[in-house]
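See below for the structure under consideration.
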2 protein chains.
Amino acid sequence: MDVTKKERDCIVVIHENSSGFPLRLSDIASLMKVKPSTAYELLNRLLSKKIITKEKGMIMPTQYGNRVYSEIITAHRTMEILLTKSGVNRDIACSQMEKIDYLMDELSVEKILKQIGNPDKCPHGKPVKPV
Amino acid sequence: MDVTKKERDCIVVIHENSSGFPLRLSDIASLMKVKPSTAYELLNRLLSKKIITKEKGMIMPTQYGNRVYSEIITAHRTMEILLTKSGVNRDIACSQMEKIDYLMDELSVEKILKQIGNPDKCPHGKPVKPV
DNA sequence: CATAATATTAGTATTATACTAAAATATTTA
DNA sequence: TAAATATTTTAGTATAATACTAATATTATG
């Protein structure tokens, strides 16, 4: 897994907005607040990294993409728990983690998670291990 | 404080190698394993951000540069402690933190530091709060 | 001063990001 | 289905960060 910040944001946006029907480029462009041509480029990078697939304009994460998403989110939420346990406000912890979650090693995250007792939920009540 | 990864590395290299006499561009270039022209560019960015000064070829951190360095290192070592406490190997924790220390909020770091009992030393025995 | 070492400038390249504008495709609706 | 509308793709441009080579300028040192 090796993604840039924008790729990370895009992966998260795709996952957090595909409840029901899949997204298309134009949806992603507006969710990410960029022009379609910018979204096109970004999605192309995700396509070539095999994180998403595109079929008839419908964008969906691949299995690998789901793993990448899960890894990012687990890092995000694990560290959020850690920060809030230290007294950091949960929303500050969240915005803080958005900047770094995608850069963390899976193994270190797993160890921290274990050390803090394998909680299932982040401070916002979302699952540390999403599907 | 807003630095890139290479700027961060350069700041750290400068601080960790200025015992005694100050460094010059060529020293930094070889320490960072880049060509002088690349180092020149990088140092120019640090100059314009007022993180370093250059006098007669001698490169030295400004007071602000020292603060930036300190902030990075405190984040680095605080998180190293946190990770090793969770069972992460200290060298893995170190290389992990090199990727993200410069992106962390000072405030969150301070809170974590307090929560873990304000230790003075990182797992390698170096001060959490450098000069 | 001449040579050697250093630093600077100029020019090129790549990657990530993002835009405008035009062209090509698809979709919807009258 | 044809026309209108929406969406996607392509092309071209731009910027910032990174990094290179090669040439030039500057500074030290013998």
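Hydrogens, waters and symmetry mates play no part in the numbers below; they use all other heavy atoms, side chains included. Letters A, B, ... mirror the listed sequences (proteins, then strands); counts begin at 1.
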Quick one: are [X] and [Y] in side-chain contact, heavy atoms under 4.5 Å?
| X | Y | answer |
| --- | --- | --- |
| B:Lys56 | B:Arg24 | no |
| B:Leu82 | B:Met79 | yes |
| A:Pro119 | A:Leu113 | yes |
| B:Lys121 | B:Lys126 | no |

Q | B:Ile28 with B:Leu47, same ILVMFWY side-chain cluster at under 4.5 Å | A |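 Yes; B:Leu47 is reachable from B:Ile28 via cluster members.
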
Expressed in angstrom and rounded to an integer, what is the separation of [X] atom [atom1] from [N] atom [atom2]?
| X | N | atom1 | atom2 | result |
| --- | --- | --- | --- | --- |
| B:Lys49 | D:dA16 | NZ | P | 11 Å |
| B:Met58 | D:dT27 | CE | C1' | 11 Å |
| B:Glu41 | C:dT12 | CD | P | 15 Å |

Q) How does protein reach along nucleotides 5-15 of chain D, written 5' to 3' as B (base within reach of a heavy atom under 4.0 Å), S (only sugar-phosphate), or - (no contact)? A) --SSSB-----

Q. C:dA18, C:dT20, D:dA17: which one has an atom nearest the side-chain heavy atoms of B:Thr4?
A.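 The closest nucleotide is D:dA17.
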
(Q) Does C:dA18 have its OP1 or OP2 closer than 4.0 Å to a side-chain nitrogen or oxygen of A:Lys33? (A)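 Looking at the OP1 and OP2 atoms of C:dA18, neither is under 4.0 Å from any side-chain N or O of A:Lys33.
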
(Q) Pick the closest DNA chain C nucleotide for A:Lys56 and for A:Thr38 by heavy atoms, then say which residue is nearer the 5' end. (A)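 Between the two, 5'-proximity favours A:Thr38.
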
Q: Before accepting this row, confirm whether a basic side-chain N of the pair A:Arg8/A:Asp101 lies closer than 4.0 Å to the acidic partner's carboxylate O.
A: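 A salt bridge is present here (some side-chain N lies under 4.0 Å from a carboxylate O).
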
